[in-house]
Trainee: 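Below is the structure I would like to discuss, written out as structure tokens.
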Amino acid sequence: KRLSKAVKDARYCLLAPASSEEFQVMENGKQYAVNFRDKYCSFQELSISGLPCRHVVACVPRTRGKLEDLCDEYFSVKSYLKTYETVIHPLPEADLDAHNDIEKLQPPPFKRLAGRPISIRRRAACEPTPRRRSSTVRCSICKHFGHNKKGC
């Protein structure tokens, strides 16, 4: 997902090649240096996460390289298979609750807060806020907005 996002964002980068392996990439008025020989980008995302950023992705077609070659070895299928090649031996069934002498944890005692309780329900972040009435006042004498008949 991060690589496909970088490919989409690379469309907005402008390239200025310094050599066949070094580029100056301009984006939103900022300039970044990209070096393919050292796998370096001044944006620092390549060295931090191991995945190429949009500036490096923008330079890949000019070098006729593969995007997968720029990714860190950690993200390869070979390292994934090496991680899970060891066998995880099953454990014998054990009844852990029978040997537990510590009494079961209980929630803390409920304390009533001082003051009048809140009657408005707290809404979730995805719920819309309730609509409020308009506060525009109209005068019944002159029919203009912004004041009532007391201030007319």
Side-chain angles (χ1 to χ4, degrees), residues 1-138 145-146:
K1 288 180 182 180
R2 288 173 64 181
L3 279 178
S4 62
K5 184 179 183 325
V7 170
K8 287 179 186 176
D9 293 343
R11 292 182 280 179
Y12 304 109
C13 297
L14 300 173
L15 297 177
S19 70
S20 62
E21 295 177 337
E22 293 183 26
F23 296 91
Q24 182 178 5
V25 181
M26 290 163 277
E27 178 191 32
N28 297 330
K30 295 182 181 176
Q31 297 179 359
Y32 302 97
V34 176
N35 188 335
F36 275 90
R37 190 178 336 107
D38 302 331
K39 289 187 177 181
Y40 171 78
C41 177
S42 60
F43 189 64
Q44 299 288 327
E45 188 173 329
L46 180 61
S47 59
I48 292 172
S49 69
L51 292 173
C53 61
R54 57 188 171 269
H55 310 108
V56 176
V57 171
C59 302
V60 169
R62 288 279 181 104
T63 60
R64 295 186 179 135
K66 292 183 180 178
L67 187 60
E68 292 81 20
D69 295 339
L70 295 171
C71 295
D72 194 35
E73 185 74 24
Y74 172 78
F75 296 105
S76 67
V77 175
K78 181 181 173 185
S79 66
Y80 176 81
L81 293 175
K82 187 176 178 183
T83 302
Y84 294 104
E85 72 183 2
T86 59
V87 178
I88 301 173
H89 300 286
L91 295 174
E93 186 177 333
D95 188 16
L96 298 175
D97 291 334
H99 302 294
N100 194 357
D101 294 335
I102 302 171
E103 58 183 79
K104 297 198 179 212
L105 289 176
Q106 297 294 321
F110 180 73
K111 295 180 183 176
R112 288 206 176 264
L113 300 175
R116 187 173 182 154
I118 298 172
S119 60
I120 298 174
R121 180 175 65 88
R122 291 186 181 167
R123 299 182 187 278
C126 60
E127 286 185 89
T129 57
R131 293 185 180 171
R132 298 187 180 200
R133 291 185 138 191
S134 175
S135 62
T136 307
V137 182
R138 187 174 192 173
F145 291 101

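All values derive from a computational prediction rather than experimental measurement.
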Trainee: Sort and list the pairs that fulfil salt bridge (charged side-chain N to carboxylate O under 4.0 Å, His left out) and have at least one residue in residues 55-69, not counting sequence neighbours.
Mentor: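 Output for this query is empty, none listed.
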Trainee: To the closest 0.5 Å, what do you measure between CD (Gln24) and CG (Leu15)?
Mentor: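 Answer rounded to 0.5 Å: 10.0 Å.
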Trainee: Could you note down all residue pairs passing ring-ring contact (aromatic ring centres under 6.0 Å, His included) where residues 111-133 supplies at least one of them, sequence neighbours left out?
Mentor: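 Listed once each, the pairs would be none.
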Trainee: If a pair satisfies side-chain hydrogen bond (donor to acceptor under 3.5 Å, both in side chains) and one of its residues is in residues 79-90, list it, with sequence neighbours excluded.
Mentor: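 Every pair satisfying side-chain hydrogen bond (donor to acceptor under 3.5 Å, both in side chains) with a residue in residues 79-90: Ser76-Ser79.
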Trainee: Looking at residues at least two apart in the chain, or sitting in another chain, which of them share a salt bridge (charged side-chain N to carboxylate O under 4.0 Å, His left out) with Arg112?
Mentor: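 With neighbours one apart ignored, the set is empty.
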Trainee: Taking only residues two or more places apart in sequence or in another chain, which ones pass side chain to side chain donor-acceptor pair (under 3.5 Å) with Ser20?
Mentor: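 With neighbours one apart ignored, the set is empty.
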Trainee: Below 4.5 Å, heavy atoms only, C-beta onward: do Thr63 and Phe23 meet side chain to side chain?
Mentor: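 Heavy-atom side-chain distance check passes, below 4.5 Å.
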Trainee: Can you name the one residue among Leu70, Val60, Val34 that meets side chain to side chain contact (heavy atoms under 4.5 Å, CB included) with Pro52?
Mentor: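 Only one of Leu70, Val60, Val34 forms a side chain to side chain contact (heavy atoms under 4.5 Å, CB included) with Pro52, namely Leu70.
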Trainee: Could you tell me which non-hydrogen atom of Arg123 sits nearest to which non-hydrogen atom of Pro130, and how far apart they are?
Mentor: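 Between these two residues, the closest heavy atoms are NE-CD, 3.3 Å.
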Trainee: Taking only residues two or more places apart in sequence or in another chain, which ones pass salt bridge (charged side-chain N to carboxylate O under 4.0 Å, His left out) with Asp72?
Mentor: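 Asp72 satisfies salt bridge (charged side-chain N to carboxylate O under 4.0 Å, His left out) with no residue once adjacent residues are dropped.
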Trainee: Applying side chain to side chain donor-acceptor pair (under 3.5 Å), name anything that partners Asp38, two or more places apart in sequence or on another chain.
Mentor: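 Testing Asp38 for side chain to side chain donor-acceptor pair (under 3.5 Å), a comparison that skips the adjacent residues, returns Asn35.
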Trainee: Does Val137 have any side-chain contact (heavy atoms from CB on, under 4.5 Å) partners at least two apart in sequence or in another chain, and if so, which?
Mentor: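 Here the qualifying residues are Asn148.
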Trainee: Under the side-chain contact (heavy atoms from CB on, under 4.5 Å) test, which residues partner Leu51, sequence neighbours left out?
Mentor: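 For Leu51, the residues satisfying side-chain contact (heavy atoms from CB on, under 4.5 Å) (neighbours in sequence not counted) are Arg2, Ser49, Cys71, Phe75.
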Trainee: What residues form a salt bridge (charged side-chain N to carboxylate O under 4.0 Å, His left out) with Lys5, not counting sequence neighbours?
Mentor: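 Expected list: Asp9.
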Trainee: Within the structure provided, determine whether Tyr12 and Asn28 are in side-chain contact (heavy-atom separation under 4.5 Å).
Mentor: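 A side-chain contact is absent here, since even the closest heavy-atom pair is not under 4.5 Å.
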Trainee: Using the test side chain to side chain donor-acceptor pair (under 3.5 Å), find all partners of Arg121 that sit at least two apart in sequence or belong to another chain.
Mentor: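 Arg121 satisfies side chain to side chain donor-acceptor pair (under 3.5 Å) with Glu127 once adjacent residues are dropped.
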Trainee: Nearest 0.5 Å, please: how far is CG in Leu46 from CD in Gln44?
Mentor: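 The CD atom of Gln44 sits 9.0 Å away from the CG atom of Leu46.
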Trainee: Could you tell me which residues satisfy side chain to side chain donor-acceptor pair (under 3.5 Å) with Glu27, sequence neighbours excluded, listed by chain and number?
Mentor: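 Partners of Glu27 under the side chain to side chain donor-acceptor pair (under 3.5 Å) test: Arg54, His55.
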